Number of protein chains: 2
Amino acid sequence: MTPVKNSPLVRKLSAFVALSEAELAVLDHLHQRRRTFLAGRDLVHQGQSEQAAYILSAGWVCSYKLQPDGTRQIVDFQIPGDFLGLRSVLLRTSDHSFEPLTDIQAAEVLKGDLLDAFTHTPRLAMAVLWAASRDEAMVVEHLVGIGRRNAEARMAHFLLELASRLALVGMGSREGYDCPLTQYHLADALGLSAVHVNRVLRQLRENGLVTFRDGHVSIHDHEGLIKLGEFDPAYLDQDGPLVR
Amino acid sequence: MTPVKNSPLVRKLSAFVALSEAELAVLDHLHQRRRTFLAGRDLVHQGQSEQAAYILSAGWVCSYKLQPDGTRQIVDFQIPGDFLGLRSVLLRTSDHSFEPLTDIQAAEVLKGDLLDAFTHTPRLAMAVLWAASRDEAMVVEHLVGIGRRNAEARMAHFLLELASRLALVGMGSREGYDCPLTQYHLADALGLSAVHVNRVLRQLRENGLVTFRDGHVSIHDHEGLIKLGEFDPAYLDQDGPLVR
DNA sequence: CGACTCCTTGAAGCGGCTCAAACATGGTGG
DNA sequence: CCACCATGTTTGAGCCGCTTCAAGGAGTCG
């Protein structure tokens with residue numbers, strides 16, 4: 001068993017597609033150029049034209065857009081197994097920024113290598129495209145949450161989505177997971193003020209639903225959280241095209 | 001000049017890519033199966049697995065998600081030249097619904113035909129992928145707006161984005177455009193109540209910025225609107241990969 | 001130890017919501 | 001032809017969810 005078989009990306013893709021040895025080898029190759037980045041130092045700045053994408057293998061990242069008035073909106077968080085800047089390398093200059101929330105490990109993927117991989121293993125291309133599509137579905141769900149759910153439901157939904165994503169790459173379970181986010185991150189992601197995030201977390205804790213403390217999320221009442229957050233994991237779980 | 005050269009999709013793509021005769025012919029072929037749908041009758045329902053995509057050639061559509069509590073969030077509006085259900089045909093069951101806001105004309109595109117077209121004219125595939133990427137950038141911008149802009153700025157931004165998109169397919173200008181949306185649609189899109197939408201529109205009108213009345217948007221102060229909505233069209237205008 | 005980051009809580013204000021009602025328009029059927 | 005209804009717009013009144021401002025506490029790092 002080569003090391004890459006335990007990589008988060010392989011775990012994620014394998015949950016939906018049985019990868020052949022050849023495909024695993026290609027993925028292995030893509031993981032060659034390992035790099036490290038420090039927490040808090042932006043990877044890509046808004047508007048910058050970028051040549052490389054990354055496969056995140058350890059640590060957390062957020063992608064966000066800055067407003068002229070200084071506020072920011074976090075669009076998504078990336079966890080191990082996720083791509084960074086996939087679209088910008090293929091199609092256009094990046095329209096948002098990436099900030100590592102922790103020190104991270106990522107494999108740099110050059111445009112040429114990626115296109116080669118897609119040419120030689122089209123099934124892998126479809127698998128990656130499927131992952132990108134899933135990411136987009138998450139952004140849409142995020143949009144719905146901010147537009148139509150109140151603060152409590154938003155938080156519940158968000159924590160459940162994270163639990164589900166992390167479990168897929170073996171970094172947590174229904175009972176809980178480690179999470180390096182601060183309440184400021186939660187605020188910027190959920191479109192709330194940090195103060196209100198604190199109050200909402202307290203309320204969820206006091207109602208025995210979930211506790212977020214010292215970098216760890218403990219889910220006490222999974223059912224209750226699902227109900228409160230109107231969480232329907234369909235948008236995360238749908239089968240890719242390859243298993244049909 | 002064949003009729004398809006005036007199709008909104010061709011207009012849109014041509015703004016960023018010079019299409020060859022062969023590529024125009026392929027696009028022409030994709031426009032063969034013309035169909036009509038009536039306003040208010042959903043095209044695709046949430047969760048439904050769909051086999052075809054559509055190229056919208058006339059009329060307006062919105063894509064939305066319904067919440068268990070009955071509220072809905074409109075994710076995006078589609079105007080002539082836009083694809084409907086592109087992702088769902090390639091990758092997964094649709095995770096939102098489509099409702100025609102007016103009677104519409106659309107060309108049905110079968111999965112097979114689309115894949116054939118992509119295989120034979122890869123430049124066209126990239127162009128379509130570019131359009132899809134632009135759509136996604138719009139969703140992200142929408143997310144930012146709902147999360148971090150107040151009602152007035154949201155409305156200003158939204159009306160400007162529409163102006164820009166419509167101008168690209170020859171359906172309006174900086175001065176204004178026809179728009180079949182009701183205040184309820186605006187509310188569901190912007191995450192507001194219909195009542196508040198009305199008040200915001202009144203305010204914009206009284207401040208001499210823009211008037212939305214009788215299905216027509218008249219932009220009186222383009223500069224002022226841009227400033228109020230913090231509208232930066234970079235996410236719409238960026239060059240595709242083919243013109244580099 | 002001081003400086004910094006993050007969490008926590010209180011108090012007060014406001015942006016946007018809900019409820020309610022009136023009006024205008026266009027289509028429909030008796 | 002008019003009575004009626006459905007759909008959309010407009011406006012008022014009151015309220016609540018969330019924000020802003022303010023300040024204290026707790027942990028950590030140089």
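Basis for what follows: all heavy atoms, side chains included, without hydrogens, waters or symmetry-related copies. Chain naming here is simple, since letters A, B, ... match the order of the sequence lines and numbering starts at 1 in each. Computed from a predicted model, the values in this text were never measured in an experiment.
Applying the ring-ring contact (aromatic ring centres under 6.0 Å, His included) test to A:Phe158 and every residue at least two apart in sequence or in another chain returns A:Phe77. Residues passing the side chain to side chain donor-acceptor pair (under 3.5 Å) test with A:Glu136, sequence neighbours excluded: B:Arg87. Considering only residues two or more places apart in sequence or on other chains, B:Glu230 meets the side chain to side chain contact (heavy atoms under 4.5 Å, CB included) condition with A:Gln67, A:Pro68, A:Asp69, B:Arg149. A:Gln183 pairs by the side chain to side chain contact (heavy atoms under 4.5 Å, CB included) definition with A:Val197, A:Asn198, A:Leu201, not counting sequence neighbours. For the ring-ring contact (aromatic ring centres under 6.0 Å, His included) test, no residue two or more places apart in sequence or in another chain qualifies with B:Tyr177. For A:Phe231, the ring-ring contact (aromatic ring centres under 6.0 Å, His included) test picks out A:His157, with sequence neighbours left out. With sequence neighbours excluded, the residues satisfying side chain to side chain contact (heavy atoms under 4.5 Å, CB included) with B:Ala151 are B:Leu192, B:His196, B:Val200.
In the region residues 184-208 of chain B, proximity to DNA chain C at under 4.0 angstrom, judged on heavy atoms, holds for B:Gly191, B:Leu192, B:Ser193, B:Val195, B:His196, B:Arg199. Non-hydrogen atoms lying under 4.0 Å from DNA chain C are contributed by B:Ala151, all within residues 151-160 of chain B.
Comparing the axis of the opening five pairs of the helix from C:dC1-D:dG30 to C:dG30-D:dC1 with that of the closing five pairs yields an angle of 30°, rounded to 10°.
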Polar atom pairs between nucleotides 21-27 of chain C and protein, under 3.5 Å, N or O only, would you list them?
none

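Using a 4.0 Å cutoff to heavy atoms of chain B, the contacted part of DNA chain D runs 5' to 3' from D:dG8 to D:dA13.
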